[in-house]
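Worksheet: the structure to be examined is printed underneath.
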Number of protein chains: 2
Amino acid sequence: MKRVVVLTGGVGGAKLVLGLSHILPQGALTAIVNTGDDFRHLGLHVSPDIDTLLYTLADKANAAQGWGREGESWAFMAALRELGGPDWFALGDGDMALHVLRTHALMQGESLSQVTARFAARWNIPVSILPMSDQPVATMLDTDRGRLEFQRYFVEQRCEPAVRAVQFDGAAQAEPAPGVVDAILSADMILIAPSNPFLSVDPLLAVPALRSALEQTAAPIVAVSPLIGGKAVKGPTAKLMGDLNMAVDNDSIAHHYAGLIDAMLIDSGDRCDAPDIAIAHCATLMTTLSDRMRVAQAAIDLAAGLRG
Amino acid sequence: MKRVVVLTGGVGGAKLVLGLSHILPQGALTAIVNTGDDFRHLGLHVSPDIDTLLYTLADKANAAQGWGREGESWAFMAALRELGGPDWFALGDGDMALHVLRTHALMQGESLSQVTARFAARWNIPVSILPMSDQPVATMLDTDRGRLEFQRYFVEQRCEPAVRAVQFDGAAQAEPAPGVVDAILSADMILIAPSNPFLSVDPLLAVPALRSALEQTAAPIVAVSPLIGGKAVKGPTAKLMGDLNMAVDNDSIAHHYAGLIDAMLIDSGDRCDAPDIAIAHCATLMTTLSDRMRVAQAAIDLAAGLRG
């Protein structure tokens, strides 16, 4: 059985992981997930990217909304507003169960990876989901409105501030979560999901021992580009690249991952002229489950070709 | 303006406080509330008697159910169950807002009385609501199934275990919350709501400086009996009295409060032969708002008569 590791962030990444989970045998896939977006809100430990992946793989995700649970209700938020509580971050009634149970488990000394594994097992998720680290790493943005926590930038300010730099507080001291380094070193291939390279993948790469493992592993590393026709399917990737004075194209993505990746999968209509990496094409827009399986298969085929 | 203090516990007490709030001028009434039922559940600080009073006075209480919010929904509990979380204590979606905001405020160093006052102000509640103490006091029951926290006995085990003794852990070290002693010493009359004397009122009396203030105050103290025809309207009062080998009658209630109360208001059809206290009658079943106002007025009249 080929062992596949995928590095992933939020919604776009979760789509690829879902596609992979449908074409790989049970036990073959490990997802290493960004936790730089994690934050404490009202005393609750919220892990947005882990939750998106859990909901997606458990078939509970709200497809139309792009985050949270399908069929969610909002009585908690209504009551919170009545009491003058902060309402800039939406916490659905069902979603609260994850946050409350996770926060309680962490308070009782369980690690983020342990509680994540417990939720995944409970929902019969056939993918090993590992947070990049059990220690706190906080994605911080230097913007024209000051230094912002990720969720303040992303949710409260809807990515409007111009970003000058991105930092990952705590990353330099963070250890990869148990199993992360082993998964990378024993993988037959490593995929980087089409998540935001600067906000969703870079936090993983900022954890020193995680980056070292990627540099040491013999497995080919293949990135799936988050751009289609010079635009991001969702989220602030394209705007952020503009803020950071990059051309919004695959060459910039390849340059960003230079020295790390062996190949990149890009959309059928796009090009990439980066030297030293292999390029393959595929229709990368993932709307349906079959889209997700197609992109997953193309990424696996690209990686498998590199090994031969 | 006459200043009235009422000592109160859960549902029955909240009904009397609501009646009092309708017949007294704004600012006249202070409710001192049992916190012996408070507990941590899933990391959240739950204050059942304070919440019942807040919901009742804000006209948000679920009248049929007897606890929680009117029009409550239960998506959180459904999701909690899915994840294998404990479901013996029901937390409604809207109700969660109180618990989450309170827990967060306490973590940030606010006191229970400060956060309670903030919620009451937000809902324009015209009653000063004071927790009996800002320090933890835990009502514990020695039963034939072992030593149980109050909520385990009351909710999880539905008051089924036979109670041998009741203790209030922490009470001997607890200080009354700010304002409690002043309110008692400056009151023109003090009422004890028809809450469970052993589980809802005794915790207050177990706080030494609170009990001392009641013993010192010149104001008359009037209890409203929780029994009607030898039965409690709601809750485990009668069963508990049986467990503790008391006759289930007003003489036992009067005996329990002996040395503390000057008078007792009992139901029209009942009697009380306790020496040394005044007795007045009234239909004490509180179904409608006008019932609550009638009982409140009768208690006030009884106390006012004692002063003259």
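So that the names make sense, note that chain A is the first sequence line, chain B the second, and so on, each numbered from 1.
- For a residue to count as touching a neighbouring chain, one of its non-hydrogen atoms must lie under 4.5 Å from one of that chain's; by this rule T103(B) does not touch chain A.
- Taking chain A as the reference chain and counting heavy-atom pairs below 4.5 Å, the highest number among K60(B), M77(B), E72(B), R118(B) is found for K60(B).
- When all heavy atoms of L101(B) and G85(A) are compared, the pair lying nearest together is CD2-CA, 4.1 Å.
- Chain B forms more heavy-atom pairs under 4.5 Å with one residue of R40(A), H104(A), M96(A) than with any other, namely H104(A).
- M107(B) touches chain A through its side chain: at least one heavy atom from C-beta onward sits under 4.5 Å away, while N, CA, C and O do not.
- Interface remark: L42(B) contributes backbone and side-chain atoms alike to the contact with chain A (heavy atom separation under 4.5 Å).
- Of all non-hydrogen atoms in R69(B) and A79(A), the two that sit nearest each other are NH1-CB, 3.9 Å.
- Contact count against chain B (heavy-atom pairs under 4.5 Å) is highest for L83(A) among L44(A), L83(A), L80(A).
- For the atom pair D93(B) CG and L91(A) CG, the distance stands at 12.0 Å (nearest 0.5 Å).
- Contact detail for R81(A) and R122(B): the closest heavy-atom pair is O-NH2, 3.5 Å.
- Both the backbone and the side chain of E82(B) have a heavy atom closer than 4.5 Å to some heavy atom of chain A.
- Within the 4.5 angstrom heavy-atom criterion, no atom of W74(B) approaches chain A.
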